[in-house]
K.L.:
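Quick one: this structure, given as structure tokens, is what I'll be asking you about.
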Amino acid sequence: MEESHNPNSHERLKSWSELPSDLLYSLLERLSFTDFRRAKSVCRSWYSASRQCVPKNNHIPWLLLFPEDNNSCCTLFNPAEKDKLYRTHDLDLVLPRIFCLKTCGSWLLMRNRSSNLYLVNLFTKERINLPPVESQVGTTKLERTVVGFRITCPDGSKPGKPMHIRSPVFWIDERTKEYLVSWGLGTCCVVYSKKGDNSWTQVPEALDCCDMVYKDHKLYFFSYSRDLRIYDFSGEAPREIFWCRCVYVERFAYDGGGPRRPHVTNRKRLVVTKLVVTVTGDVLKVETYLRPKSRIWSFRLFKVCSSGDFKRVHSLGDESMLLALGITVLANNYEGIRRNSIYFNASHNITSDIFLFNLETRKMEQLHKFDCSSDQLSGNRWFLPSFTQAVVA
């Protein structure tokens, strides 16, 4: 039987604003961050639909590269689009990298030259000022100095010790703007502040901070004294729900037959120890090694057991690690993310390089290399772009 032809069907196809909602949602969910931004501007109905849709590719990490001078145009790089760069437009922000402490979604935790802290959205310009650093609730007190801040001695007998911000973390809800910011106060304590607070409150027993991760309303804290503590922040005040003293792990690098001797010039050197929380909630201790002469990076992963023991981990399975953010994502759900790999960045001389370390082959691969001298770039930060209004080109 011959099917009848509707002469007006081609006219309906030309009207993109009249696409059925289920078909439009299905289309928007499949788009990348940049394509999603473009689709929102097609027409009013597409923009309205985009506000009710979260694309499935929203966990592809991007790299934010900061300008060398004080112009407000930053460079954005998506590893899934190796040969393409995007630039932010007219952000009216001064963003030298030294003052960007952390990222969460499209938000940045910033510190200005006066040591004031604030949150700013990379795309919308929205800014949230945080309480003054010296506004502390607890036994440790601070005073502001010309170049930062320092601890004040109770009796005023001697100058206080200069303090530095360690391992800052934060979380913010894109819709309600509820937030929590936490950071280590040198070797003394860890402080936090939430929306509505006028000061910083000290976290009990969190001393000598080495690294922290904040995920799913939990603060994961690791100290140089090998204490691992997990605090639940879902209530009015933090509640410690886990503590263990981790067994010491030899910090010299092994290369198949014992530690290399000091006279070997290209021996592995432990650069940094990081905490990473996986999709399933496992806590990993990640040791990063570097051969200075050859600039070869390698990693050792250990799962922290409830007993405090470390169990060597050789594979992430279908997950991929975003080292700078302290988390893993399911790689098989997102186009452009490789499974069982570690994404990290490293700077050397005038270059800022992006690497991937394959845990299966134990080899590193350079994803992109930026010439900071020609591109006028000063540094970079990984971030997971959130689907709020953005202006990129």
Side-chain angles (χ1 to χ4, degrees), residues 99-105 107-112 114-121 126-144 148-152 161-225 227-244 274-277 281 283 324-327 381 383:
F99 296 136
C100 180
L101 304 178
K102 196 72 174 181
T103 69
C104 178
W107 288 78
L108 314 178
L109 172 60
M110 306 295 291
R111 175 176 62 86
N112 63 18
S114 300
S115 294
N116 296 315
L117 301 179
Y118 59 94
L119 304 177
V120 63
N121 189 294
E126 185 174 1
R127 173 169 169 161
I128 301 174
N129 292 322
L130 300 176
V133 171
E134 64 271 24
S135 298
Q136 299 281 328
V137 176
T139 57
T140 302
K141 301 300 181 182
L142 297 179
E143 65 178 1
R144 192 175 292 268
F149 46 90
R150 64 187 181 185
I151 292 180
T152 58
K161 181 180 179 182
M163 285 288 101
H164 302 283
I165 293 176
R166 285 186 178 178
S167 303
V169 295
F170 76 102
W171 161 85
I172 184 168
D173 187 289
E174 292 284 355
R175 296 186 181 277
T176 66
K177 301 304 182 291
E178 295 286 337
Y179 66 83
L180 182 139
V181 181
S182 181
W183 44 275
L185 181 58
T187 60
C188 296
C189 61
V190 170
V191 298
Y192 74 94
S193 183
K194 298 190 291 186
K195 183 179 180 180
D197 292 347
N198 296 317
S199 60
W200 298 88
T201 304
Q202 295 170 15
V203 179
E205 305 298 331
L207 307 174
D208 199 17
C209 176
C210 174
D211 194 29
M212 296 193 299
V213 175
Y214 190 84
K215 182 181 180 183
D216 298 332
H217 302 290
K218 294 183 179 64
L219 179 68
Y220 298 79
F221 167 85
F222 187 63
S223 75
Y224 285 106
S225 303
D227 286 334
L228 175 64
R229 300 177 185 272
I230 303 177
Y231 296 90
D232 185 353
F233 274 82
S234 60
E236 289 295 323
R239 179 173 58 91
E240 184 178 295
I241 58 175
F242 179 82
W243 172 85
C244 74
K274 296 279 294 179
L275 273 188
V276 173
V277 181
V283 181
L325 299 181
I327 61 172
R381 289 282 183 185
F383 75 105

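Worth saying up front: this structure is predicted, and the values here are computed from it rather than measured.
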K.L.:
For the CD atom of Q202 and the CG atom of L207, what is their distance to the nearest 0.5 Å?
P.N.:
9.5 Å
K.L.:
Show the atom names and distances, to 0.1 Å, of all donor-acceptor pairs under 3.5 Å that link a side chain in residues 211-218 to residues at least two apart or in another chain.
P.N.:
from : atom 1 : to   : atom 2 : distance (Å)
D211 : OD2    : L275 : N      : 2.7
K215 : NZ     : T278 : O      : 2.8

K.L.:
Test side chain to side chain contact (heavy atoms under 4.5 Å, CB included) on F233 and L219 and set out the steps.
P.N.:
CA-CA 7 Å; F233 274 82; L219 179 68; 3.6 Å; yes
K.L.:
I need the full list of salt bridge (charged side-chain N to carboxylate O under 4.0 Å, His left out) pairs touching residues 179-193, with sequence neighbours left out, sorted by first then second residue.
P.N.:
none
K.L.:
Given 3.5 Å as the limit, does a donor-acceptor pair link the side chain of S225 with the main chain of D227, or not?
P.N.:
no
K.L.:
Look up atom OG in S182 and atom CG in L109, then write down how far apart they are to the nearest 0.5 Å.
P.N.:
10.5 Å
K.L.:
Taking only residues two or more places apart in sequence or in another chain, which ones pass side chain to side chain contact (heavy atoms under 4.5 Å, CB included) with C244?
P.N.:
L228, F242, C246, V304
K.L.:
Hey, does the side chain of Y231 reach the backbone of P204 with a donor-acceptor pair shorter than 3.5 angstrom?
P.N.:
yes
K.L.:
Side chains of residues 192-199: which donor-acceptor partners sit under 3.5 Å, not counting sequence neighbours?
P.N.:
from : atom 1 : to   : atom 2 : distance (Å)
S193 : OG     : S199 : O      : 3.3
K194 : NZ     : G235 : O      : 3.4
K194 : NZ     : E236 : O      : 3.1
K195 : NZ     : T176 : O      : 3.1
D197 : OD2    : K194 : N      : 2.8

K.L.:
Measuring from atom CD of E126 to atom CD1 of I172, what distance do you get when rounded to the nearest 0.5 angstrom?
P.N.:
7.0 Å
K.L.:
Quick test of your reading: applying salt bridge (charged side-chain N to carboxylate O under 4.0 Å, His left out), list the pairs with at least one residue in residues 180-189, sequence neighbours left out, ordered by first then second residue.
P.N.:
none
K.L.:
For the residue pair L117 and R111, what are the closest heavy atoms and their distance?
P.N.:
CD2-CB, 3.6 Å
K.L.:
Distance from N121 atom CG to L108 atom CG, nearest 0.5 Å?
P.N.:
8.0 Å
K.L.:
Is a side-chain N or O of W107 found less than 3.5 angstrom from the main chain of K102, in a donor-acceptor match?
P.N.:
no
K.L.:
Evaluate the criterion side chain to side chain contact (heavy atoms under 4.5 Å, CB included) for residue pair V169 and W183; output intermediate values, then yes/no.
P.N.:
CA-CA 6 Å; V169 295; W183 44 275; over 6 Å; no
K.L.:
If you apply the rule side chain to side chain contact (heavy atoms under 4.5 Å, CB included), what do you find for I165 with L101, and how did you get there?
P.N.:
CA-CA 9 Å; I165 293 176; L101 304 178; 4.2 Å; yes
K.L.:
Sort and list the pairs that fulfil salt bridge (charged side-chain N to carboxylate O under 4.0 Å, His left out) and have at least one residue in residues 182-191, not counting sequence neighbours.
P.N.:
none
K.L.:
Would F221 and C209 count as a side chain to side chain contact (heavy atoms under 4.5 Å, CB included) here? Give the steps.
P.N.:
CA-CA 7 Å; F221 167 85; C209 176; 3.7 Å; yes
K.L.:
What are the two closest non-hydrogen atoms of V191 and C189, and how far apart are they?
P.N.:
CG1-SG, 4.1 Å
K.L.:
Distance from T103 atom OG1 to L119 atom CG, nearest 0.5 Å?
P.N.:
11.5 Å
K.L.:
Tell me whether R381 contacts the main-chain N or O of C100 through its side chain, where contact means a donor paired with an acceptor under 3.5 Å.
P.N.:
yes
K.L.:
Roughly how far, to the nearest 0.5 Å, is the CG atom of L180 from the CG atom of D173?
P.N.:
12.5 Å
K.L.:
List the atom of V181, the atom of W200, and the distance in Å for their closest heavy-atom pair.
P.N.:
O-CZ3, 3.6 Å
K.L.:
Of all residues at least two apart in sequence or in a different chain, which pass the salt bridge (charged side-chain N to carboxylate O under 4.0 Å, His left out) check with E178?
P.N.:
none
K.L.:
Considering non-hydrogen atoms only, spot the tightest contact between G105 and F383 and give its length.
P.N.:
O-CD1, 3.4 Å
K.L.:
Applying salt bridge (charged side-chain N to carboxylate O under 4.0 Å, His left out), name anything that partners R239, two or more places apart in sequence or on another chain.
P.N.:
D232
K.L.:
List in chain and number order the residues that pass salt bridge (charged side-chain N to carboxylate O under 4.0 Å, His left out) with E240, two or more places apart in sequence or in another chain; answer none if no residue qualifies.
P.N.:
R229
K.L.:
Check whether S223 reaches the backbone of C210 with its side chain - one donor and one acceptor, N or O, closer than 3.5 Å.
P.N.:
no
